[in-house]
There are 2 protein chains.
Amino acid sequence: MVKNNFSHLCCPVARSMDVVGEAWSMLVLRNLMLAGGTGRFDQMVEELGISRNILTERLKRLETEEIVSKQPVQEGGRRMEYKLTAKGWELMPIMIGFAQWFDRWRPDPERSPLTFLDRRDNQPIQPLRVLSHDGRPLGPADILPVSDDQ
Amino acid sequence: MVKNNFSHLCCPVARSMDVVGEAWSMLVLRNLMLAGGTGRFDQMVEELGISRNILTERLKRLETEEIVSKQPVQEGGRRMEYKLTAKGWELMPIMIGFAQWFDRWRPDPERSPLTFLDRRDNQPIQPLRVLSHDGRPLGPADILPVSDDQ
DNA sequence: TGCTTTAGTTGTTTTTTGCAACTAATATTG
DNA sequence: CAATATTAGTTGCAAAAAACAACTAAAGCA
């Protein structure tokens with residue numbers, strides 16, 4: 001069995017799955033995002049309940065994809081921390097999208113949702129939406145996917 | 001080994017991963033979305049290159065989560081097709097988010113990106129962004145995640 | 001009726017995961 | 001500064017999941 005890889009599908013969604021299409025990868029990123037962008041190995045093991053060998057592997061992958069970087073906690077020290085890169089931070093809308101989606105269809109209404117506030121005024125953010133170039137909200141039926149090549 | 005499940009993490013992102021946190025699930029959804037919302041078993045096997053047993057399992061899961069429904073192609077017939085539900089369609093922003101994210105950081109610029117057009121005027125849609133209640137684009141540093149319970 | 005298509009199921013092999021124990025280097029504390 | 005604790009992994013093993021191929025049964029079609 002060859003390691004699961006979707007390069008036969010040229011679609012960028014498939015290619016994204018190659019990189020972050022595994023639950024633990026997304027959860028590592030979630031953890032970093034909610035922690036302000038940095039995290040330590042053992043802290044992630046504890047908070048996520050992920051196996052150490054799996055975390056090791058996922059972090060390596062995320063590092064080679066330049067989604068996180070590994071650097072000393074303090075200048076010159078040798079204790080490391082993992083830090084989201086700009087590329088990693090740009091997955092935040094997707095993370096928020098998952099949170100909002102789940103909460104919209106949440107099966108257990110006892111638990112209250114995870115909300116996201118604008119730090120400036122403490123107002124909740126808008127639900128993630130697809131917008132036309134001039135700002136109209138678009139539904140699935142309004143959107144035409146176009147693959148330019150081939 | 002117990003089946004991977006993230007219910008110990010109450011976070012809605014983790015709970016989403018329980019449902020669609022596996023690459024093939026997302027790719028099945030992508031395929032349905034790009035095909036207008038419906039698809040047949042064999043067609044998915046061929047287009048995705050997914051193993052039949054795995055597709056069977058993923059579709060069952062998506063069905064129990066009411067992300068897709070299974071129904072006869074024509075009234076009364078017994079040939080089935082899988083169809084995105086409203087809950088499934090609401091993952092489209094996330095799908096678009098993945099496509100845009102990958103294309104923004106695309107390592108192989110030869111292949112051109114997957115773009116999404118507004119059917120009304122054929123203009124490309126906006127990049128997916130997080131917006132404040134009054135419509136300002138927010139970056140990660142502007143957003144405060146708040147978990148209401150506990 | 002006979003051939004083809006569809007939508008799976010079953011069995012086997014290979015990979016990946018989860019878990020626990022271990023390690024080596026670095027920090028902390030008395 | 002010696003002893004202890006913490007950190008960031010690595011290794012080995014058992015179990016689960018994935019890939020692959022072959023098979024099946026019902027439906028559709030000619």
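Numbered from 1 within each chain, the chains take letters A, B, ... in sequence-line order. Quantities reported herein were computed from a predicted structural model and do not represent experimental measurements.
- Applying the side-chain hydrogen bond (donor to acceptor under 3.5 Å, both in side chains) rule to pairs touching residues 93-103 of chain A yields D103(A)-R106(A), sequence neighbours excluded.
- The list of salt bridge (Lys or Arg N to Asp or Glu O under 4.0 Å) pairs with a residue in residues 72-86 of chain B, not counting sequence neighbours, is empty.
- Rounded to a whole Å, the CD atom of E57(A) is 14 Å from the P atom of dT11(D).
- Annotation: side chain to side chain contact (heavy atoms under 4.5 Å, CB included) contacts of Q123(B) (sequence neighbours excluded): H133(A), D121(B).
- In the helix from dT1(C)-dA30(D) to dG30(C)-dC1(D), the terminal helix axes, each the rotation mapping four pairs' C1' atoms onto the next four within five end pairs, subtend 30°, rounded to 10°.
- Residues D142(B) and V130(B) form no side-chain contact, since every pair of their non-hydrogen atoms from C-beta on lies 4.5 Å or further apart.
- To the nearest 0.5 Å, the span separating CD on Q43(B) from CG on L32(B) amounts to 8.0 Å.
- The list of salt bridge (Lys or Arg N to Asp or Glu O under 4.0 Å) pairs with a residue in residues 38-50 of chain A, not counting sequence neighbours, reads D42(A)-R52(A).
- Judged as a side chain to side chain contact (heavy atoms under 4.5 Å, CB included), and not counting sequence neighbours, the contacts of P72(B) are M80(B).
- Rounding to whole angstrom units, CE of residue M80(A) and C1' of dG9(D) are separated by 12 Å.
- Scanning for side chain to side chain contact (heavy atoms under 4.5 Å, CB included) contacts around D134(A) gives S132(A), R136(A), R120(B), with sequence neighbours left out.
- Shown here are the side-chain hydrogen bond (donor to acceptor under 3.5 Å, both in side chains) partners of E66(A), two or more places apart in sequence or in another chain: there are none.
- Less than 4.0 Å separates DNA chain C from at least one heavy atom of each of the following residues of residues 39-56 of chain B: R40(B), F41(B), D42(B), R52(B), N53(B), T56(B).
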Got a list of protein N/O to nucleotides 23-26 of chain C N/O distances below 3.5 Å?
| from | atom 1 | to | atom 2 | distance (Å) |
| --- | --- | --- | --- | --- |
| dT26(C) | OP1 | R78(A) | NH1 | 3.3 |
| dT26(C) | O2 | R79(A) | NH2 | 2.9 |

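- The phosphate of dA17(D) has neither OP1 nor OP2 within less than 4.0 Å of any side-chain N or O from W24(B).
- Residues that satisfy the side chain to side chain contact (heavy atoms under 4.5 Å, CB included) test with P124(B), not counting sequence neighbours, are L117(B).
- One finds a side-chain N or O of Y82(B) lying less than 4.0 angstrom from the OP1 or OP2 phosphate oxygen of dG8(C).
- Under 4.0 angstrom from either OP1 or OP2 of dT9(C) there lies at least one side-chain N or O belonging to K60(B).
- With sequence neighbours excluded, no residue satisfies side-chain hydrogen bond (donor to acceptor under 3.5 Å, both in side chains) with T64(B).
- A close approach under 4.0 Å does not occur between any side-chain nitrogen or oxygen of K70(B) and OP1 or OP2 of dT6(C).
- Between R61(B) atom CZ and dA17(D) atom C1' there is a gap of 15 Å when expressed in whole angstrom units.
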